[in-house]
There are 2 protein chains.
Amino acid sequence: MPPKIKSVAEREELRSRIMQAARLLFVERGIEAVSMREIAKKINYSATTLYHHFADKESLLQAVCDEDFLNLASSMREIMQLPDLVKRIEGLANGYARFALQNPSHYRLMFMTPRAPCDVEKTRIQRGNTEQDAYAQLKQVVHDAFVAGLFKPALTDDALIAQTLWAGIHGVCALQIALGGEDWIEWRNVNERLALMQKTLLQSMLRHVDAPM
Amino acid sequence: MPPKIKSVAEREELRSRIMQAARLLFVERGIEAVSMREIAKKINYSATTLYHHFADKESLLQAVCDEDFLNLASSMREIMQLPDLVKRIEGLANGYARFALQNPSHYRLMFMTPRAPCDVEKTRIQRGNTEQDAYAQLKQVVHDAFVAGLFKPALTDDALIAQTLWAGIHGVCALQIALGGEDWIEWRNVNERLALMQKTLLQSMLRHVDAPM
DNA sequence: ATAATTTCTTAACAGTGTTAATTTAACGAT
DNA sequence: ATCGTTAAATTAACACTGTTAAGAAATTAT
């Protein structure tokens, strides 16, 4: 029983209700465990309706994640204003890690799941845009610090530096998300692990360090 | 048409033929893209037969991975014989990374996919056993180096050191597996990234370094 | 009032993991 | 040699999945 014709605003409201239901479900039960039918039922629609707003399941999940990642990048812009370049790098690392650990399902979908390269076209996020892409932000800050001569002279490639910093933080977060619950590993506190990773990487990459180990 | 009664050896041969077919398929097409029916068809059996040898799909894939991971741990034992403790750590890191990048599907299933904690009981691998578990090997070597006083005095927890080294190498490998094909990142060569990660971590953790940056 | 359009639904397709019931063949005992 | 037992494999089915085609109800336009 289709009620009445809908305005653009109403259409968008339904679209975002779908996304909200999807987010709730797949954050609490994992991505592949939720079906389109479940999401639809949660908001009292038939599964087919979802396909009038999203091309397929992946597009829907992508849209959900995009929203949160834009949020992340936006919350990072504050940190990007810090005058101290090193503090800026540290702030980015901390913010990135906090987001990963607080949104493990999103993080997993975006950074721990291989996808076909064409999927880049399904996302709203403009990769490389410092306003939208957290990696672009890190790259930018590292570049600035590189130009300012903050890194050791042996390091001659700022992109390589950024990718290594990213990999270090990602490694701690990804292991925590994937294996944090396994009790055959006597995990140290994840914040300790993050702190040591950060301190270790920066210490041997930066030319000057305030408090050496 | 069930042919004849089978000896234990014949039973095990079929079991390993199933695993072989499964390995081939899911290495070339990804884990979740292969169905039990496909695996069965590859060796001219019905899907149901697989369930007489494995409790479910996950057990089958787990068994496949276990086999290769036991192989990894076994190939690491050579490296574990190196007299130089630092070279041993470096060797482990390199071997681990090479395995990850050559067996991305296995690696993803084992180290990039969260699972219910009970799944530990589905695996054959004895976690913590230095003969079978690559992380246990790393932990062991780091412990030895720690006792030998090779790390900086500020580092007082050898498990934390091991977990950070692991996270660093894992971070590079996991990013490469998940996002290595994305062209909006100007990836540096993965071996360069691995080398810098390893050098960086060890340099600021070890008390003495041969060739400082 | 009739026609067209929008919104939504039901029904269906092809596929999945998994299980129940069943067939076929080989064996041991009578 | 024939019986029943057991093992090995099969077919058929269940309850799902993502997705699409076709249809129904309500609104709008002519």
Side-chain angles (χ1 to χ4, degrees), chain A residues 1-19 21-23 25-26 28-65 105 109 113 115-116 118-119 122, chain B residues 1-19 21-23 25-26 28-65 105 109 113 115-116 118-119 122:
Chain A
M1 337 91 187
K4 60 171 183 176
I5 200 162
K6 288 194 166 177
S7 69
V8 177
E10 283 171 316
R11 245 193 85 81
E12 291 218 335
E13 209 231 288
L14 177 51
R15 188 187 148 95
S16 97
R17 281 220 299 148
I18 294 171
M19 288 173 63
R23 176 183 289 112
L25 275 175
F26 96 85
E28 89 180 17
R29 288 224 298 276
I31 297 163
E32 43 273 313
V34 313
S35 71
M36 295 297 264
R37 285 172 173 84
E38 279 178 303
I39 298 170
K41 183 173 265 178
K42 197 117 198 161
I43 52 172
N44 286 317
Y45 279 91
S46 79
T48 326
T49 297
L50 307 198
Y51 287 87
H52 294 138
H53 294 263
F54 300 94
D56 50 22
K57 186 183 183 182
E58 202 184 300
S59 296
L60 167 54
L61 298 185
Q62 190 79 254
V64 170
C65 288
S105 292
L109 181 61
T113 311
R115 269 189 302 286
C118 62
D119 285 357
K122 280 187 179 175
Chain B
M1 338 89 189
K4 57 170 186 177
I5 200 162
K6 288 192 167 179
S7 69
V8 176
E10 283 170 315
R11 245 193 85 81
E12 292 217 334
E13 207 230 290
L14 177 51
R15 188 188 148 95
S16 98
R17 282 219 300 148
I18 294 171
M19 288 174 62
R23 176 183 289 112
L25 276 176
F26 97 85
E28 89 180 17
R29 288 224 298 276
I31 298 164
E32 43 272 314
V34 313
S35 70
M36 295 297 265
R37 286 172 173 86
E38 280 178 301
I39 299 171
K41 182 171 267 177
K42 197 115 198 162
I43 52 172
N44 287 317
Y45 278 92
S46 80
T48 327
T49 298
L50 308 198
Y51 288 88
H52 294 138
H53 294 263
F54 300 94
D56 50 22
K57 186 183 182 181
E58 201 184 299
S59 296
L60 167 54
L61 299 186
Q62 190 80 253
V64 170
C65 289
S105 292
L109 180 63
T113 310
R115 272 188 301 285
C118 62
D119 285 356
K122 282 188 177 172

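Only this structure's heavy atoms are used, side chains among them; waters, hydrogens and symmetry mates stay out. Sequence lines set the chain letters: A, B, ... in the order given, protein chains first and strands last, and positions in each chain run from 1.
- Among the protein residues, A/Ser35 comes within range of the sugar-phosphate backbone only, with heavy atoms under 4.0 Å from sugar or phosphate atoms but none that close to a base.
- The nearest whole Å value for the distance from the CZ atom in B/Phe54 to the C1' atom in C/dG17 is 16 Å.
- A straight line from CG of A/Leu61 to P of D/dT17 spans 14 Å, rounded to a whole angstrom.
- Atom CD in B/Gln62 sits about 17 Å away from atom C1' in C/dG17, given to the nearest Å.
- Closest to the side chain of B/Tyr45, out of D/dT10, C/dC8, D/dT19, is D/dT10.
- Regarding B/Glu12, its CD atom lies at a distance of 13 Å from the P atom of D/dA8, rounded to whole Å.
- In this structure, CD on B/Glu32 lies 8.5 Å from OG1 on A/Thr113, to the nearest 0.5 angstrom.
- Regarding A/Arg11, its CZ atom lies at a distance of 17 Å from the P atom of C/dT5, rounded to whole Å.
- The shortest side-chain heavy-atom distance between B/Tyr45 and B/Ile18 does not fall under the 4.5 Å cut-off.
- Between the side chain of A/Arg37 and the base of D/dT19, at least one donor-acceptor pair of N or O atoms lies under 3.5 Å.
- When the P atom of C/dG15 is taken as reference, atom NZ of B/Lys41 falls 9 Å away, rounded to whole Å.
- Note: CD1 (A/Ile18) to P (C/dT7) measures 12 Å, nearest angstrom.
- Residue order along DNA chain D, read from the 5' end via each residue's closest nucleotide, puts A/Met36 first among A/Met36 and A/Thr48.
- The side chain of B/His53 approaches D/dA9 more closely than any other nucleotide in the set D/dT10, C/dT16, D/dA9.
- With rounding to the nearest 0.5 Å, the separation of OG in B/Ser105 from CD in B/Glu28 is 10.0 Å.
- At least one side-chain heavy atom of B/Arg17 sits less than 4.5 Å from a side-chain heavy atom of B/Glu13.
- With C/dT18, C/dT10, D/dT19 as the choices, the nucleotide that has an atom nearest any side-chain atom of A/Lys57 turns out to be D/dT19.
- One can place CD of B/Glu32 at 14 Å from P of D/dG18, the figure rounded to the nearest angstrom.
- Checking side-chain atoms of B/Arg29 against main-chain N and O of B/Val34 turns up no donor-acceptor pair under 3.5 Å.
- You can call A/His52 stacked on the base of C/dC8; the centres are under 5.5 Å apart and the planes sit within 30°.
- The side chain of A/Tyr51 approaches D/dG18 more closely than any other nucleotide in the set C/dT9, C/dA20, D/dG18.
- At the heavy-atom level, B/Thr49 lies under 4.0 Å from base atoms of the strands shown.
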